[in-house]
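Let me begin by presenting the structure, written as C-alpha cells, before commenting on it.
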Amino acid sequence: MESNSEAASPSPASSGGVPRVFSVIRALGAVQAEGGRVTQIARSVGLTQATTHRLLQSLMAEGMVEQDERSKLYRLGIDFFALAASAGNPGDLRSICRPVLLRLCASLGDSIFLLARSGFDAICLDRSEGPFPIRSFTGDIGGRIALGVGQGALAILAFLPEAEREEVIRFNLSRVREYGVYDEVYLRTEIERVRQQGYAGRNTGLLEGMAGVAVPILDREGRAVAALSVGTIADRLNADRMPTVVELLKREAAAIGPKINPFDATLRRPAQSLAGSPGGQKISLPEAPGPG
C-alpha cells in the first residue's frame, strides 16, 4: 500500500509528476533491448510499485510505452520513437557541418568535403571549394564512391562496427579492384593503418599530384556515419603540414559527433536529403578519381 506522501503526490499530468514520468522513460530506455518489469523500473527510479505501475499505464494510454502480453515486460513504444524522429534536431548533419566546412576552408585554404555513408558507398553531402583546382572521387555534391576508395570513404569504412565493415569489404572488393592498385590485403592493411592513426591520409597515387586526408565523424555510439576530408595538391599536404591539418579535422569532427541527431533522415537517406540543393546530383564512379 502506498504511503500517504505517495498517495498525495501529484498526478503524472501535473508539473510535480513530470520528473517522475521522465525518470520512468529514462529507466525504460536503459532496458529497451530486453524490456523491464514494474518491480525493476520501480527500484531503478526509487518509487513504489503502485506509483510506477500508474505511470506506466498512463504512458501506455498515450502510446509512449507498450507491454508484451506474454512476458509482461514494458518497453518504450513505437509512438515514442516516431515522436522523437519527427521532432529531431533543429539542424540535420549537412546544416550542422556547413559552418565547419567554411571555417576549415578559410583556415586551411584547401577544399573541404563532407561525406556520409550511403549503404556500401560514401556520398558527398557538401563541399567548400578552396583556391586550388582539384578533382575528387565523388565529384560534385551528390556524387558517390565505394566505401574504401579515397580518404573520406576509407575513414568511414575503417570505423564501422566490425561485422558491418566485413560485409562492406566483401561486397566492395570487386569494385575497388577496378582502380588497379587495390587488393584485399592492401585494403585491409590500409583500414588497420587508419584505425591506428585515427585518420586516412596516405597518398594512394591514383591521381598524380593530388593528395587528401580525412577523419571519421562518429555518432554517440562511436559509429562512423560521415567524414571530413581535405582535398588539395600534393605539395600542400607534406609531412610537415599533415599533423596540423589532421588536428584541425579531428577537433571539428569531435565537436560534430555529440550534435548528431540519431533520427536524422540525412543519415538514412543522404541522397534524398540533397533534393533541390545546389549541385545536388547522383554521380557514378568518376573517370578521373582524386583524393576527396
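Bear in mind the structure is a predicted one, so any value in this text is a computation, not a measurement. These values consider heavy atoms only, across backbone and side chains, with no hydrogens, waters or symmetry-generated copies.
Here the closest heavy-atom approach between residue Ala224 and residue Ile156 is recorded as CB-O, 3.5 Å. Minimum interatomic distance between Pro99 and Ser95 (heavy atoms only, all atoms of both residues): CD-O, 3.3 Å. Closest heavy-atom contact between Gln49 and Val38: O-CG1, 3.7 Å. Nearest heavy-atom pair, Val215 versus Val246, reported as atom, atom and distance to 0.1 Å: CG1-O, 4.4 Å. In plain terms, the two heavy atoms of Ala153 and Ile145 that are nearest each other are CB-CG2, 3.9 Å. In terms of heavy-atom proximity, Ala226 sits nearest to Leu114 at CB-CD1, 4.3 Å.
When the side chain to side chain donor-acceptor pair (under 3.5 Å) test is applied to Asp126, the partners found at least two apart in sequence or on another chain are Arg98. Residues that satisfy the side chain to side chain donor-acceptor pair (under 3.5 Å) test with Glu192, not counting sequence neighbours, are Gln196. For Val194, the side chain to side chain contact (heavy atoms under 4.5 Å, CB included) partners at least two apart in sequence or on another chain are Leu154, Ala158, Phe159, Ala200. Residues passing the side chain to side chain contact (heavy atoms under 4.5 Å, CB included) test with Ser174, sequence neighbours excluded: none. With sequence neighbours excluded, the residues forming a salt bridge (Lys or Arg N to Asp or Glu O under 4.0 Å) with Glu184 are Arg188, listed by chain and number. Residues passing the ring-ring contact (aromatic ring centres under 6.0 Å, His included) test with Phe171 are Phe120, sequence neighbours excluded. Gln67 pairs by the side chain to side chain donor-acceptor pair (under 3.5 Å) definition with Tyr74, not counting sequence neighbours. Asp68 pairs by the side chain to side chain donor-acceptor pair (under 3.5 Å) definition with Ser71, not counting sequence neighbours. Take Ser111 and apply the side chain to side chain contact (heavy atoms under 4.5 Å, CB included) test, not counting sequence neighbours, and it matches Phe113, Glu129, Ile134. Scored by the side chain to side chain contact (heavy atoms under 4.5 Å, CB included) test, Ala214 finds Gln151, Ala155, Ser229 as partners (sequence neighbours excluded).
Here the CG atom belonging to Leu93 is positioned 6.0 Å from the CG atom belonging to Leu125, to the nearest 0.5 angstrom. One finds the CD1 atom of Ile78 at 7.5 Å from the CD atom of Glu66 (value rounded to the nearest 0.5 Å). With rounding to the nearest 0.5 Å, the separation of CZ in Arg54 from CG in Leu59 is 12.0 Å. From Leu102, atom CG reaches atom SG of Cys97 across 11.0 Å, with rounding to the nearest 0.5 Å. The line from CD1 of Ile141 to CD1 of Ile123 is 10.5 Å long, rounded to the nearest 0.5 Å. Distance check: Ile112 CD1 to Leu104 CG gives 5.0 Å after rounding to the nearest 0.5 Å.
The salt bridge (Lys or Arg N to Asp or Glu O under 4.0 Å) analysis of residues 100-117, with sequence neighbours excluded, yields the pairs Arg103-Glu252, Asp110-Arg236, Asp110-Arg241, Arg117-Glu164. Evaluation of the side chain to side chain donor-acceptor pair (under 3.5 Å) test over residues 25-44, restricted to residues two or more places apart or in two chains, returns none.
Side-chain N or O atoms of Arg144 include none that pairs as donor or acceptor with a backbone N or O of Ala122 at under 3.5 Å. Within the 3.5 Å criterion, the main-chain N or O of Leu115 finds no donor-acceptor partner in the side chain of Arg127.
Salt bridge absent: Arg170 and Glu167 never bring a charged side-chain N and a carboxylate O closer than 4.0 Å. At a threshold of 4.0 Å, the pair Asp121-Arg175 counts as salt-bridged, since one of the basic side-chain nitrogens sits closer than that to a carboxylate oxygen.
The shortest distance between side-chain heavy atoms of Glu190 and Arg193 falls below 4.5 Å. Under the 4.5 Å side-chain criterion, counting only non-hydrogen atoms from C-beta, Arg20 is in contact with Thr51. Ile217 is listed as a side-chain neighbour of Ile260, based on a closest heavy-atom distance under 4.5 Å. In this structure the side chain of Tyr199 never reaches within 4.5 angstrom of the side chain of Leu249, judged on heavy atoms. When side chains are defined from C-beta on, Leu55 counts as touching Leu47, because their heavy atoms get closer than 4.5 Å. Contact annotation: the side chain of Leu228 approaches that of Ile256 to within less than 4.5 Å [non-hydrogen atoms, C-beta and beyond]. Side-chain contact between Asp92 and Ile96 is absent, with no heavy atoms from C-beta onward closer than 4.5 Å. The shortest side-chain heavy-atom distance between Leu56 and Leu28 falls under the 4.5 Å cut-off.
The hydrophobic cluster containing Ile41 also contains Phe22, counting ILVMFWY residues as joined when their side-chain heavy atoms lie under 4.5 angstrom apart, directly or transitively.
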